[in-house]
Amino acid sequence: MIWYIARRIVYLIPTLLIVSMIAFLVIQLPPGDFLASLISKAEETIDQAQVDALRERYGLDEPIYVQYWKWISGIVTRGDFGDSFEWNRPVSDLIWERLGLTMVISLFTLAFVWIVSIPIGIYSAVKKYTIGDYVVTVIGFIGLAIPNFLLALVLMYIAFRYFGQSVGGLFSPDFIDAPWSLDRVLDLLSHLWLPVIILGTAGTAALIRVMRANLLDELSKLYVDAARARGLSELKLLFKYPVRVALNPLVSALAWVFPALVSGSAITSIVLNLQTTGPLLYRSLQAQDMYLAGSLILLVSVLTIIGTLVSDILLAWLDPRIQLQ
Amino acid sequence: MPDDNETLLDVRDLKTHFFTDEGVVKAVDGVNLSLKRGQTLCVVGESGCGKSVTARSILRIVPAPGRIVSGEISFRQRHGDRIDLARMNPRGRDIRNIRGREISMIFQEPMSSLSPVHTIGSQIMEAILLHLPVSKAEARKRAVSLLDLVAIPRASEQLDAYSFELSGGMRQRAMIAIALACEPQLLIADEPTTALDVTTQANILDLIRELQEDSGMSVLFITHDLGVVAEIADEVVVMYLGRDVESGDVDTIFHNPKHPYTRALLQSIPRYDSRAGERLYSLKGTVPHPFYRPAGCPFHPRCDDFIAGQCNANDPQRYNFSAGHSVRCLLYVADDDRSLRDLPT
Amino acid sequence: MTEQPIQSPDDAWFEPSAAERRVVVANQWQLIWWKFRKHRLAMLAGLVTFFLYGVALLAEIFAPYSAGAYSAAHTYMPPPRIQFFQDTEAGPRFYPHVKGFKVQVDPDSFKRTYVVDETVAYPIGLFVRGEEYELWGLFKLDLHLVGAAEYGDPVYLLGTDRLGRDVLSRTIYGTRVSMSVGLVGVGLSLLLGVILGGISGYYGGLIDNLIQRTIEILRSLPTIPLWMGLSAAIPLTWPPVRVYFAITVLLSLIGWTALAREVRGRFLSLKTEDFVIAARLDGVRELQIILRHMAPSMTSHIIASVTLAIPGMILAETALSFLGIGLRPPVVSWGVLLQEAQNVRSIATAPWLLFPGIAVVTAVLAMNFLGDGLRDAADPYQA
């Protein structure tokens with residue numbers, strides 16, 4: 001097991017390398033020298049010495065690989081992601097809390113998705129071709145077809161129209177800039193349900209289908225008959241064998257569900273005005289605040305890659321066949 | 001219901017049909033068989049003749065959309081009472097107390113009949129703990145001795161092995177160990193050696209025979225391999241299209257077969273004394289599509305002794321040649337004007 | 001000879017029945033079609049998809065107005081109720097029409113509201129004359145499928161937006177862009193997917209490993225932030241058509257992985273099939289094996305996967321355009337239209353602005369069901 005984990009971590013290195021290159025590419029993509037846009041945006045004139053210092057710091061006169069090296073080595077060795085020109089602060093000051101909140105939302109949503117989709121998927125497979133199964137299937141398909149942001153808009157509209165409430169945000173106004181405290185955590189939790197439902201809908205629908213298909217596959221396997229022939233009751237049998245085996249692909253589905261959640265949360269957060277990485281990324285892209293944008297893309301990607309790693313390890317622990325490969 | 005104490009299992013006119021969207025498949029359509037204590041009954045037939053479904057019907061584990069539509073499965077329990085398994089609720093507690101305790105079953109593919117994510121030991125212990133009042137530790141001890149019994153080397157280590165870590169033969173041994181966990185009266189073996197290579201096959205057959213001698217259990221052995229039948233059977237039932245066409249003791253079936261289908265099966269075995277270049281007899285045609293059952297005797301389209309107007313019109317009844325030897329064939333029905341035609345063997 | 005020949009057992013039974021013979025000689029596509037036909041929901045979904053692409057092709061005819069037509073006097077007008085009968089002295093008469101609206105201005109807040117004006121009725125009809133247009137740049141027509149019977153009446157069946165543009169017409173024009181983004185994007189993905197997946201599955205070994213790792217990396221990335229980053233780099237000065245293609249290229253650059261996996265999986269399983277090995281032993285050239293022997297068995301699966309991939313593209317385009325970093329006005333796509341409904345306030349004023357959302361959901365739903373049905377039918381030889 002330890003060897004397996006070690007191997008997976010080694011595999012991670014090239015992935016991280018490529019991700020960092022993509023993030024750097026995003027930084028480099030906008031046309032023109034970002035210093036020029038910085039200068040044009042600045043309210044007071046920036047003296048030449050300062051410009052030269054920045055030029056030196058980011059290696060702007062040097063070849064692209066040197067620039068990349070300066071950027072990535074700064075991140076790895078000093079945690080220095082560069083400066084946000086729009087906020088005029090180091091990027092690292094701006095991102096950590098938002099990254100944390102993104103993580104919190106994604107994990108809660110993940111839990112929601114699992115808690116809802118597994119029982120429904122089991123029900124749907126065991127009662128296949130019944131009315132209940134059809135209802136679940138149709139609702140699942142609709143859930144897959146509604147874009148997150150549209151669902152967010154509709155729910156916000158309903159809340160506004162019928163309950164006169166303006167939902168959105170992750171905190172009540174009093175807590176937005178308050179330091180962390182138990183009350184702030186509770187406030188966060190009370191705001192979390194809406195984004196969790198919105199983000200979780202598509203994933204839930206997808207996982208119900210995966211669970212149903214897997215379980216149907218497993219239910220027809222011989223080991224189920226063999227266990228039944230041993231005298232096991234139907235319910236015990238169901239959970240001990242086919243459900244247990246059918247959960248494995250669900251765990252490996254984490255590898256794509258988690259990135260999808262993080263990814264989906266970007267748009268939903270913009271619509272719902274959540275203090276996660278999504279809106280910050282959006283604003284930084286619009287303002288061409290490229291070091292902030294690139295760092296966000298890098299960190300969000302790293303987050304999902306770690307999620308994938310965790311799912312791999314979890315799967316290896318659940319399914320002893322994996323470790324052999 | 002038979003009232004003698006010797007008959008363990010008696011199946012009368014069992015019909016198990018599958019109700020699919022396309023139509024009804026009469027997988028088992030009137031099977032009779034009877035098995036005495038301590039004996040081995042072989043059910044032989046081509047693929048699709050309903051032998052596996054018969055076996056599953058006894059344990060009531062016929063997969064949906066199949067179900068028993070009529071017939072009787074009389075089984076003599078350990079304490080002497082007879083019950084009709086065909087009338088039991090297939091999901092009920094009563095049948096669950098039979099499964100694994102009184103009747104056990106092993107399957108064709110040892111590869112897939114063990115759970116891929118549970119250890120061998122946990123599956124054996126599960127069977128023990130379900131039916132016997134023992135502690136976990138005792139169950140584990142018993143599981144080790146069971147693995148010893150089925151000759152799995154290093155039993156206490158292999159208890160924690162997963163099925164994918166064992167060879168095919170070892171897996172089938174493990175399955176047998178699970179089946180024997182509660183010393184059942186009847187072991188149903190559904191082609192247990194088909195998926196194994198020849199040497200392993202012989203080992204498993206030997207094992208089953210030894211275990212049977214030691215414990216005195218009965219074995220219902222499903223196979224399409226007449227070689228296997230010759231080796232282990234006391235009694236034989238030949239099935240074709242969901243029916244028993246001939247049944248008798250193993251000597252009668254091999255040396256004095258009456259039904260044209262039985263004869264054809266026996267003729268199609270390669271023999272040591274056949275000359276080089278001699279063509280092996282082969283049954284013509286294949287088992288018909290389950291939706292299109294021939295009228296009359298189901299075997300008539302493939303029969304060498306087909307009588308037009310008879311075989312495709314009349315349903316043959318059972319004819320008893322002697323006690324324990326019966327045939328379903330119109331060749332042997334005594335008409336008023338036609339004497340019984342006995343064919344040379 | 002009038003005597004009935006004795007039916008020999010051979011042909012009595014072994015001749016397949018008419019139904020069986022039909023199955024035996026039917027080719028792969030007939031079998032797929034028969035299997036697909038049984039899937040009612042997928043059939044319906046197929047019709048809906050077909051209809052949507054029809055609308056996309058003939059948007060000019062389906063839409064009552066052109067995409068850019070506006071009326072400053074009718075901003076944020078709600079959808080009217082369509083009435084089919086009018087009460088006259090001689091009883092109700094068939095006269096499809098909509099009631100007009102009066103504008104009321106709240107004296108305190110100066111907020112404009114529309115009130116139904118029972119005295120005005122605008123007749124509506126099918127195949128009415130309206131604005132002139134050129135269909136596919138070829139035919140000059142002025143026929144519209146549905147609209148005001150009299151040219152010039154302010155009939156907006158699904159209401160209007162902030163500039164007084166007809167929501168129905170714009171949604172119909174949006175169909176053209178949104179549905180084709182999916183198609184073009186998937187086309188590009190397919191090209192990448194088939195080539196890379198094919199190479200990966202056919203050659204195996206190091207190349208396979210490399211491509212698989214790449215796919216894994218791409219799949220573990222959060223696509224939307226990446227898309228956001230990349231599409232933000234599209235210069236604002238680019239003409240709409242170039243932006244459109246840039247967006248589809250971006251979508252397919254990340255979207256090809258699923259198709260590549262499918263192709264690779266198929267290749268791997270086909271490679272060991274007896275008929276492929278037989279062809280190789282017969283000395284058939286590699287390319288010939290791929291094109292003549294393997295491709296036909298894969299096509300149906302690929303079509304199913306493509307159908308399932310299109311909705312993802314549509315959703316992605318909608319999301320990006322909604323945020324304002326995908327397609328941009330004057331291009332009309334569902335996502336661009338939904339930009340009008342970006343906050344609760346505008347939705348509360350004009351909930352009908354969400355109508356393009358219904359179009360998105362319908363299209364995605366239909367193509368998901370269709371793709372599901374196709375996937376089930378793709379392997380007709382399997383029970």
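Letters A, B, ... are given to chains in the order of the sequence lines, protein chains preceding strands, and every chain is numbered from 1.
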Inset, instruction - Heavy atoms only, distances under 4.5 angstrom: which of C:Ile358, C:Val361, C:Thr214 has the most pairs with chain A? Name it, please. - result: C:Val361

Legend entry - Under 4.5 Å from any heavy atom of chain A - which part of C:Leu315: side chain

Inset, instruction - Indicate the atoms forming the closest heavy-atom contact of A:Leu101 with A:Gln275, along with that distance. - result: CD1-O, 3.3 Å

Inset, instruction - Looking only at non-hydrogen atoms, find the nearest pair between C:Ala316 and C:Leu251 and report the distance. - result: CB-CD2, 3.7 Å

Legend entry - Which portion of A:Phe141 sits near chain C, non-hydrogen atoms under 4.5 angstrom: both

Legend entry - Which atoms of A:Leu150 approach chain C - backbone, side chain, both or neither, heavy atom under 4.5 Å: side chain

Legend entry - C:Trp256 versus C:Ser189, closest heavy-atom pair with distance: CB-O, 3.6 Å

Inset, instruction - Could you tell me which portion of C:Leu338 (side chain, backbone, both or neither) has an atom closer than 4.5 angstrom to a non-hydrogen atom of chain A? - result: side chain

Legend entry - Best-contacting candidate, C:Ala341, C:Ala363, C:Ala319, against chain A by heavy atom pairs under 4.5 angstrom: C:Ala319

Inset, instruction - Report the option among A:Pro14, A:Ser301, A:Ala266 that has the most heavy-atom pairs separated by less than 4.5 Å from atoms of chain C. - result: A:Ser301

Legend entry - Part of A:Ile270 lying under 4.5 Å from any heavy atom of chain C: side chain

Inset, instruction - Specify the closest pair of heavy atoms between A:Gly143 and A:Thr201, including all atoms of both residues, with the distance to one decimal. - result: CA-CG2, 3.8 Å

Inset, instruction - Would you name the heavy atoms of A:Arg98 and A:Thr276 that are closest together and state the gap between them? - result: NH1-O, 2.7 Å

Inset, instruction - Verify the distance criterion only: is there a donor paired with an acceptor across the side chains of A:Ser20 and A:Tyr68 at less than 3.5 Å? - result: yes

Legend entry - Engaged part of C:Pro225 at the chain A interface, taking heavy atoms whose separation is under 4.5 Å: both

Inset, instruction - Could you tell me whether the side chains of C:Ser333 and C:Tyr244 share a donor-acceptor contact shorter than 3.5 Å? - result: no

Inset, instruction - Find the one option among A:Leu153, A:Val262, A:Val300 whose heavy-atom pairs under 4.5 Å with chain C are most numerous. - result: A:Leu153

Inset, instruction - Examine whether an atom of A:Ile18 lies under 4.5 Å from a heavy atom of chain C, and if so say whether it belongs to the side chain, the backbone or both; otherwise answer neither. - result: side chain

Legend entry - A:Leu296, part contacting chain C, at a heavy-atom distance under 4.5 Å: neither

Legend entry - Closest non-hydrogen atom pair between A:Met211 and A:Leu250, with its separation: SD-CD2, 3.7 Å

